[in-house]
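Treat the numbers as computed from the prediction; the structure is a model and nothing was measured. Every chain is numbered from 1, with letters handed out A, B, ... down the list of sequences.
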Amino acid sequence: MLVAVASGKGGTGKTTLASSLALVAAEKGKVIFLDCDVEEPNGHIMLKPRWEKKEAVRVPVPEINQEKCTFCGRCAEICAFHALVVLPQEVLLFPTMCHGCGGCWHLCPAGAISPGWREIGLVEEGSSEGIGFVRGRLNVGEAISPPLIEAVKERCRPGELNILDAPPGTSCPVIRTVKGADFCLLVTEPTPFGLHDLELACEMVASLGVPCGVVVNRSDGDDRLIRQFCQQNNLPLLLQLPHDREVARGYARGIPAVKVRPEWKEYFAALLSFIEEGGCTGARTGGAQREGRHGQDYRLRESGRTGSR
Amino acid sequence: MLADCDVDAANLYLLLDPVVKSASPFYGLKKATINKEKCLGCNLCLHLCRYDAIRPGFVVDPVLCEGCALCYHACPCGAVEMVDHVAGHLFHSETRYGPLVHARLGIAEDNSGKLVAAVRKEARRLAEEEKKELIITDGPPGIGCPVISCLSGTDLVLVVTEPTFSGKHDLERVLDLAEHFGCRAAVCVNKWDLEPENTRAVESLCNRRRVPVVGHLPYDESAVEAVKRGRPVILECSRTMEKGILALWDQLKVLLN
Amino acid sequence: MKVAVCARESHINSPVDQRFGRCPYFVVVDVDSGDWEGLPNTGCHSGGGAGIQTAQLLVNAGVKAVLVDRIGPNAMEVLARAGIQVYEGISGTVSQSVEAYRQGHLKLLSQPNSPRHSRRGRS
């Protein structure tokens, strides 16, 4: 099962949620944490994996045989990304501009271009307290991350719980991460910003046909804004994590929320059960708003099993 | 002059309560469509496309199509057309504080670097027109294409960080990027009192890299409250927060002159 | 010898443009005869790589020198490899800039004087 954790913007608590979820899931079964935020991978700070292997990720890039080249200029003319320049006696390549489409090597009239490879980043694998850990790391200055995200996702293990920590936003890297997931958790804050970003994120997830549920982070108990939105859009509001200075401090020091507040574990466990036991279908068909138990101490709401099953 | 370059999740306008004066479409790279009447079904495009953007039945998936036009050039029947594609909208608004240029990118659009460039260009044009000396640009997160777009040609990059491990980690990457592109940087530590030890670590990191730390903002409930109500923090925050923000501004003014 | 100047309009008396890749026109001036012609910059509307595309345009136009205000590293690399000289420090109009060039008031650039601009990409 593939569960993506996403949010409309950074800093809402994606990594907090994903790392705690992984720790709780690992107590019950096999779980693997895949950090798809390749521009700023952070999951390792919480889970502190021991690295076991790393592999370079390469993308295709043209190689020009200057001897065969007639300097006709065709490749520069067709390159939609302006990665090639043809001078009277030389062809220049700007590799970071190249999207690896292959236009130049397929269309070169002199057959002077062939596909070569270029490294854009690393995929590193390791483990931490029984949790499999994978992260992608984009080289600084690289602009094109989706191939690296795909490489991270290739490390998903069927039959296990795969938690994908998505990059923030709604643009291409997020789409690549969430696409094909079985469920997507959208993390938000109970502010007008949070709501605005949640709206965008929901639109994005809906366009991919992935069922989703909402988690409010830093809740102060008054989440009307988000609750209303969820009700209007038939989205399950699965969990409200309270605003907690100790958890924030723990995050600052790289300590996951459930280690600071072990009593939160049961809420993550309930969240997992919801997702694993058909929560997906419930959400996809816009299932009933799940009003669960209201944790008195922590003002947590959990989906529980009082849903439509 | 304000420019919101976090085009994936433009938020500045939520705080500044702007009146939109004009909107214009923003075009991304043209994308392929296949004219079925001309298509002979040879499958060549399907084999050539590296992005798996052509579905069986010769329908182009607009999310996957990157607009490389290989199919357009290669199609033996001329059945592929490259068509304009509205990727988002650019807005020019008026706020109490000055004009604001912001944008909204369509969902699943990947032209954010180009749209950032468009927002900045428009902001610069308006600033010249309205004789504004300072353009404040709200940048996107990360170190990717939109951020690169945002850094180019700026006089100063203010990097906002938190005294957390991940904050420090991200800070280093952003400073690398700024250095890579030859931009002058300064750092502001937000919620500095959350973990003063980490704040000191951030300071020594900046010191080592010769990047000035120009501000320390406290962890402050009043800031959270202000944001919740959709109000700029400076208008509704505690005295300490206000002092912090004013001190930051004073430091920035020194750097900018 | 042909020299290109970054310009806002397609005319010898046009104000110069500060940008290289995204200037709307070049005015190509023959410094020996004084003849000139406007050259629309087809690269200025491109998503990314405008500087690269613009440099290619000038290579194809056969100019020997370009007069600029700011120029980025990609464009600079192309022009340097093509043996096109780049001079910085233009202001006022195209004709004033060409005059400054004739009198040797402009500085020959060996390095780009502007950071890299937007690089489009799926990110």
Rounded distance (nearest 0.5 Å) linking atom [atom1] of [X] with atom [atom2] of [Y]:
| X | Y | atom1 | atom2 | value |
| --- | --- | --- | --- | --- |
| A:Tyr251 | B:Glu195 | OH | CD | 13.5 Å |
| A:Asp197 | B:Leu14 | CG | CG | 8.0 Å |
| A:Arg249 | B:Thr164 | CZ | OG1 | 13.5 Å |
| B:Ser166 | A:His44 | OG | NE2 | 8.5 Å |
| A:Cys172 | B:Glu66 | SG | CD | 6.5 Å |
| A:His99 | B:Leu70 | NE2 | CG | 14.0 Å |

Check whether [X] gets within reach of chain A through its side chain, its backbone, both or neither, counting any heavy atom under 4.5 Å.
| X | result |
| --- | --- |
| B:Glu172 | neither |
| B:Asp170 | both |
| B:Glu225 | side chain |

For this session: Would you mind telling me which of A:Gly8, A:Pro168, A:Gly194, A:Pro60 has the largest number of heavy-atom pairs within less than 4.5 Å of chain B?
Result: A:Pro60
Problem set entry | Top contributor to chain B interface from A:Thr15, A:Asp37, A:Ile45 [non-hydrogen pairs under 4.5 Å] | A:Ile45
Exercise. Hey, is A:Glu40 close enough to B:Arg173 for a salt bridge, meaning N to O under 4.0 Å?
Worked result: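 No, no charged N to carboxylate O under 4.0 Å.
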For this session: Taking the side chain as every heavy atom from C-beta outward, state whether A:Leu200 and B:Arg104 have any atom pair closer than 4.5 Å.
Result: yes
Exercise. Would a 4.5 Å heavy-atom cut-off, applied to side chains only, mark A:His243 and B:Glu221 as touching?
Worked result: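 A side-chain contact under 4.5 Å exists here.
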Exercise. Just wondering, more than 12 heavy atoms not from B:Tyr72 lying within 6.0 Å of its OH?
Worked result: no
Problem set entry | A:Arg245 atom CZ: more than 12 heavy-atom contacts under 6.0 Å | yes
Minimum heavy-atom separation for [X] and [Y], please, with both atom names.
| X | Y | value |
| --- | --- | --- |
| B:Pro163 | A:Ala252 | O-CB, 3.6 Å |
| B:Tyr219 | A:Ala248 | OH-CB, 4.5 Å |
| B:Gly230 | A:Pro192 | N-CG, 3.7 Å |
| B:Phe165 | A:Gly254 | CD1-N, 3.6 Å |

For this session: Please lay out, stage by stage, how A:Phe193 and B:Leu15 fare under the test side chain to side chain contact (heavy atoms under 4.5 Å, CB included).
Result: CA-CA 9 Å; A:Phe193 285 167; B:Leu15 282 184; 3.3 Å; yes
Exercise. With chain A, which of B:Arg229, B:Glu197, B:His169 has the greatest number of heavy-atom pairs at distances under 4.5 Å?
Worked result: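 Of the candidates given, the most pairs with chain A belong to B:His169.
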Select one option (side chain, backbone, both, neither) describing which atoms of [X] are under 4.5 Å from chain B's heavy atoms.
| X | answer |
| --- | --- |
| A:Pro167 | neither |
| A:Val174 | neither |
| A:Ile78 | both |

For this session: Kindly say whether A:Val140 contributes a backbone atom to a donor-acceptor pair with the side chain of B:Asp176 at under 3.5 angstrom?
Result: no
Exercise. When you measure from the side chain of B:Arg50 to the backbone N and O of A:Gly100, does any donor-acceptor pair fall under 3.5 Å?
Worked result: yes
For this session: Walk me through it: do B:Tyr13 and A:His196 pass the test ring-ring contact (aromatic ring centres under 6.0 Å, His included)?
Result: CA-CA 11 Å; B:Tyr13 77 90; A:His196 174 256; 5.6 Å; yes
Exercise. Between B:Leu64 and A:Arg176, is a side chain to side chain contact (heavy atoms under 4.5 Å, CB included) present by the stated rule, with each step listed?
Worked result: CA-CA 10 Å; B:Leu64 293 176; A:Arg176 288 299 175 106; 4.1 Å; yes
